[in-house]
Amino acid sequence: MKATLGKLEISAIGLGCMGMSGIYGAVNDTESIKTIQRAVDLGVTFLDTAEMYGPYTNEELVGRAIQGRRDQVVIATKFGIGIEKTAQGTLTRVLDSSPKRIRQSIEGSLRRLGIDCIDLYYQHRVDPNVPIEDTVGAMADLIQEGKIKHIGLSEASARTLRRAHAVHPVAAVQSEYSLWTRDVEAELLPACRELGVGFVAYAPLGRGFLTGDIQKTEALGPHDLRRHGPRFQGANFEQNLKLVSKVRELAGEKECTPAQFAIAWVLSQNVATIPGCEKRIHLEENLKAIYVTLTPEDLSRIAVELPLPVGDRMDATGMQAVDV
């Protein structure tokens, strides 16, 4: 199954590599590399990373995994979120999409990935202090220099997309989209379709919640980022288990796993998606989602019967960085 992002053709199911670098807990580079390579063996042509993941180590991991196979994959990475030390000595995230910062980021990403050109280069988060026209102009210069092939935006609003696309064609917008996160349907997805911009849904499994495997917040490791997610906490968690229960019921009727059902729903919206996983067994399960058929009647039923999630999709810091 294929998808198009502007003029870029990819597998409709790609591989999100963020979780391979400790965001959800333990790291196993050996298994992660084997998972990436197995994905390519099975026809996955789209790999998603970012300089922020790790930070910086995830691109190196992907680079090691694709050695000798560069011509088989489309590589997407991102710039625009940096890590700085505060006066108190703690680390904090900062948004910086200035042309100077983009220059620094592209050279670092190319070096870590071990390649000479990035297929899809995303602005990771919109920088409110830099006009999007300036950022996209700097990215367009990188295309002219042969360092990137296509421009993307992540968590950008429809308004920002239109401004960016007026400067240079945007190939893709990436945003969270799943059975429990459907905000993009109001304005962003229609804008993408109007402009001919591809859409990439990240976290199609609700950061793992929709698989049904997480039954208690306490089951998450102490360093798991999801512990800070409002939907994974307290009463919100208990309410959201009702949504998972419905997904499990509907998946059972289709004789597939909840994960396959959730991914199949995203694919039914005619977008690409990048479920993340760190193990080959989960990768192979996810890819079988292409065999799950959802009829118009199924989709109507989902819209009516699926409970709405409770709680913001990210913590306060994460939500503040989302462009509106």
Side-chain angles (χ1 to χ4, degrees), residues 1-20 32 34-49 65-66 69 72-76 119-120 171-182 184-185 189 192-193 198-213 244 246-303 306:
M1 183 181 290
K2 301 293 184 181
T4 56
L5 307 177
K7 296 180 180 179
L8 193 62
E9 185 177 274
I10 61 168
S11 55
I13 301 179
L15 178 61
C17 300
M18 179 183 73
M20 297 176 176
S32 292
K34 288 180 179 179
T35 298
I36 294 171
Q37 293 172 339
R38 180 60 175 157
V40 178
D41 291 341
L42 294 174
V44 172
T45 63
F46 188 47
L47 304 178
D48 181 274
T49 180
I66 64 169
R69 311 184 76 170
Q72 299 177 49
V73 292
V74 170
I75 300 294
D119 299 299
L120 178 59
V173 174
Q174 179 189 103
S175 191
E176 186 171 354
Y177 188 36
S178 70
L179 282 170
W180 79 344
T181 299
R182 301 176 65 172
V184 298
E185 293 177 347
L189 265 179
C192 286
R193 287 164 179 158
F199 186 89
V200 178
Y202 77 81
L205 300 177
R207 304 176 192 274
F209 201 100
L210 297 176
T211 66
D213 293 338
V244 173
K246 190 64 181 181
V247 171
R248 188 190 302 276
E249 174 191 334
L250 295 170
E253 293 177 13
K254 288 291 180 179
E255 299 183 337
C256 65
T257 68
Q260 290 163 354
F261 186 88
I263 294 171
W265 179 87
V266 173
L267 293 175
S268 76
Q269 308 305 305
N270 297 313
V271 300
T273 188
I274 48 169
C277 61
E278 299 87 62
K279 297 179 180 179
R280 285 166 286 176
I281 187 171
H282 295 144
L283 166 77
E284 293 173 6
E285 175 188 347
N286 291 345
L287 293 179
K288 291 177 183 176
I290 63 172
Y291 302 115
V292 179
T293 300
L294 299 180
T295 66
E297 291 74 23
D298 291 328
L299 298 176
S300 296
R301 183 181 170 196
I302 291 166
L306 202 69

Enquirer: With no hydrogens and no angle check, is any side-chain donor or acceptor of Asp119 less than 3.5 Å from a backbone partner on Ala76?
Expert: no
Enquirer: If every non-hydrogen atom of Gly14 is compared with every non-hydrogen atom of Pro275, which pair is closest and at what distance?
Expert: O-CD, 3.7 Å
Enquirer: In this structure, which one of Leu287, Asn286, Ile281 forms a side chain to side chain contact (heavy atoms under 4.5 Å, CB included) with Leu283?
Expert: Leu287
Enquirer: What's the spacing between Ile290 CD1 and Met1 CE if we round to 0.5 Å?
Expert: 6.0 Å
Enquirer: Take Phe46 and Leu120 through the side-chain contact (heavy atoms from CB on, under 4.5 Å) test and state the conclusion after the steps.
Expert: CA-CA 10 Å; Phe46 188 47; Leu120 178 59; 4.0 Å; yes
Enquirer: I'd like to know if the side chain of Glu285 and the backbone of Gln260 have a donor-acceptor N/O pair within less than 3.5 Å.
Expert: no
Enquirer: Would one find more than 12 heavy atoms of other residues, nucleotides or ligands at under 6.0 Å from atom NZ of Lys279?
Expert: no
Enquirer: Do other residues, nucleotides or ligands put more than 12 heavy atoms under 6.0 Å from Glu253 CD?
Expert: yes
Enquirer: So, using salt bridge (Lys or Arg N to Asp or Glu O under 4.0 Å) as the criterion, who are the partners of Arg69 when residues are at least two apart?
Expert: Asp41
Enquirer: Within this structure, what is the NZ-CD1 distance for the pair Lys288 and Ile13, rounded to the nearest 0.5 Å?
Expert: 12.5 Å
Enquirer: Looking at Val184 and Ser175, what are the two nearest heavy atoms and their distance?
Expert: CG1-OG, 3.6 Å
Enquirer: Test your reading of the model: is there a side-chain donor-acceptor pair from Gln174 to the backbone of Val200, 3.5 Å cut-off?
Expert: no
Enquirer: Is there a donor-acceptor pair under 3.5 Å between the side chain of Thr45 and the backbone N or O of Ser11?
Expert: yes
Enquirer: Quick one, Val73 with Ile36, criterion side-chain contact (heavy atoms from CB on, under 4.5 Å). Give me CA distance, side-chain angles, the key distance, then yes/no.
Expert: CA-CA 11 Å; Val73 292; Ile36 294 171; over 6 Å; no
Enquirer: Report yes or no: does Lys254 contribute a side-chain atom to a donor-acceptor pair with the main-chain N or O of Thr293 at less than 3.5 Å?
Expert: yes
Enquirer: At their closest point, which heavy atom of Met20 faces which heavy atom of Cys277, and how far apart are they?
Expert: CE-O, 3.2 Å
Enquirer: Are any of the side-chain heavy atoms of Val247 and Trp265 separated by less than 4.5 Å?
Expert: no
Enquirer: For Ala259, is there any backbone N or O sitting under 3.5 Å from a side-chain donor or acceptor partner on Thr211?
Expert: no
Enquirer: Rounded to the nearest 0.5 Å, how far does OG1 of Thr35 lie from CD of Glu284?
Expert: 9.0 Å
Enquirer: Any heavy-atom pair between the side chains of Leu294 and Phe261 that's under 4.5 Å?
Expert: yes
Enquirer: Report yes if some heavy atom in the side chain of Arg193 is under 4.5 Å from a heavy atom in the side chain of Phe199; otherwise report no.
Expert: no
Enquirer: Mind listing the closest non-hydrogen atom pair of Ala272 and Ala3 along with its distance?
Expert: CB-CB, 3.9 Å
Enquirer: Within this structure, what is the CD-NZ distance for the pair Glu249 and Lys246, rounded to the nearest 0.5 Å?
Expert: 3.5 Å
Enquirer: Tell me if a side-chain donor or acceptor on Thr4 pairs with a main-chain N or O of Glu9 at a distance below 3.5 Å.
Expert: no
Enquirer: Write down the atom of Tyr202, the atom of Arg207, and the distance for their closest heavy-atom approach.
Expert: CE1-NH2, 3.8 Å
Enquirer: CG of Leu210 to CD1 of Ile263: how many Å apart, nearest 0.5 Å?
Expert: 10.0 Å
Enquirer: Looking only at heavy atoms, what is the nearest atom pair of Val266 and Ser178, with distance?
Expert: CG2-CA, 4.1 Å
